[in-house]
Amino acid sequence: MTELIRLAMIFVLTTQGGYFLAIFLAGHTMIEWYEWSIIPNPNKNIFVSVINGFTASFIGIAYWAGKRVDHHNWFVKRIYLLGYAFLYTIAGILFYELCDYFLRFIENH
């Protein structure tokens, strides 16, 4: 069971990283695709909220970073996105290692 949790964490973290790469290469097009995939005003029913939450959990951090740098010119936008991707990579590794530590603790006790 803990191995499944590890695989799920790796899947989510690498999906976010892949979307960082997609935003780095395709720019505003990927930001628009994300905006098309979410449903506005999700408070109407639980199904819409789950869809938006699922989408945000897989590619939301990269979208947020892309929106933060969208107003800059092409070159500066790419530099900032690389910085955000680097910070995300460090945070993702730390998050995974911390969760892995707790999962190993649970397995051994």
Side-chain angles (χ1 to χ4, degrees):
M1 181 65 179
T2 58
E3 191 63 30
L4 183 62
I5 294 171
R6 285 185 190 94
L7 289 173
M9 284 189 306
I10 289 172
F11 181 70
V12 171
L13 292 173
T14 55
T15 303
Q16 290 275 4
Y19 206 71
F20 263 111
L21 180 64
I23 289 177
F24 183 79
L25 296 174
H28 192 69
T29 303
M30 296 309 292
I31 292 172
E32 288 178 357
W33 281 16
Y34 178 84
E35 290 171 349
W36 291 338
S37 70
I38 59 171
I39 302 167
N41 196 8
N43 297 329
K44 292 185 179 180
N45 64 22
I46 190 73
F47 178 73
V48 173
S49 298
V50 168
I51 295 291
N52 284 353
F54 184 76
T55 304
S57 68
F58 279 94
I59 55 179
I61 294 173
Y63 166 76
W64 173 83
K67 287 297 278 188
R68 298 262 309 165
V69 302
D70 202 29
H71 62 279
H72 294 290
N73 67 27
W74 185 89
F75 183 72
V76 173
K77 185 187 305 184
R78 297 314 188 261
I79 297 297
Y80 281 152
L81 277 174
L82 282 177
Y84 277 123
F86 179 73
L87 290 174
Y88 172 76
T89 301
I90 298 297
I93 290 170
L94 290 174
F95 175 75
Y96 178 79
E97 290 297 327
L98 181 67
C99 291
D100 186 51
Y101 172 77
F102 285 119
L103 290 173
R104 289 184 195 280
F105 181 77
I106 291 170
E107 285 176 345
N108 294 331
H109 287 88

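Model, not experiment: these values are computed from the prediction.
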Spatial distance of atom CD (Q16) from atom OG1 (T89) [nearest 0.5 Å]:
11.0 Å
Residue list, side chain to side chain donor-acceptor pair (under 3.5 Å) with T2, at least two apart or on another chain
R6, E107
Can you find a pair of side-chain heavy atoms, one from F20 and one from I61, that are under 4.5 Å apart?
yes
Run the numbers on E35 and K67 for side-chain contact (heavy atoms from CB on, under 4.5 Å), then give the verdict.
CA-CA 11 Å; E35 290 171 349; K67 287 297 278 188; 3.1 Å; yes
Please list, chain by chain and in numerical order, all residues satisfying side chain to side chain donor-acceptor pair (under 3.5 Å) with Y84, sequence neighbours excluded.
R68
Treating Ile, Leu, Val, Met, Phe, Trp and Tyr as nodes and any side-chain heavy-atom pair under 4.5 angstrom as an edge, say whether F75 and L81 lie in one connected cluster.
no
Determine whether L25 and L82 fall in the same hydrophobic cluster, where Ile, Leu, Val, Met, Phe, Trp and Tyr are linked whenever their side-chain heavy atoms lie under 4.5 Å apart.
yes
Residues which pass side chain to side chain donor-acceptor pair (under 3.5 Å) with H28, listed by chain and number, not counting sequence neighbours:
E32, D70
Quick check: is M30 connected to W36 through a chain of hydrophobic side chains (ILVMFWY, heavy atoms under 4.5 Å apart)?
yes
Indicate, with yes or no, if V12 and I51 share a hydrophobic cluster defined by side-chain heavy-atom contacts under 4.5 Å among Ile, Leu, Val, Met, Phe, Trp and Tyr.
no
To the nearest 0.5 Å, what is the distance between OG1 on T15 and CD1 on I59?
9.0 Å
Main-chain N/O of I39 paired with N52 side-chain donor or acceptor, under 3.5 Å
yes
Can you name the closest pair of heavy atoms from S37 and T55 and give their distance?
OG-CG2, 3.6 Å
Answer with yes or no after comparing the ring centroid distance for Y19 and F58 against a 6.0 Å cut-off, counting only values under it.
no
According to a 4.5 Å side-chain heavy-atom criterion applied to Ile, Leu, Val, Met, Phe, Trp and Tyr, with indirect links allowed, do V69 and W33 form part of one hydrophobic cluster?
yes
So, do H109 and R104 sit near enough that their side-chain heavy atoms are less than 4.5 Å apart?
no
Within this structure, what is the CD1-SG distance for the pair I10 and C99, rounded to the nearest 0.5 Å?
11.0 Å
Could you tell me whether Y88 atom OH has more than 12 heavy atoms of other residues or ligands within 6.0 Å of it?
yes
I need the R78 CZ to N73 CG distance, nearest 0.5 Å.
10.0 Å
Within this structure, what is the CG-CD1 distance for the pair L98 and I93, rounded to the nearest 0.5 Å?
13.5 Å
Start with the C-alpha distance between M9 and F95, add both sets of side-chain angles, then the distance that settles side-chain contact (heavy atoms from CB on, under 4.5 Å), and finish with yes or no.
CA-CA 9 Å; M9 284 189 306; F95 175 75; 3.9 Å; yes
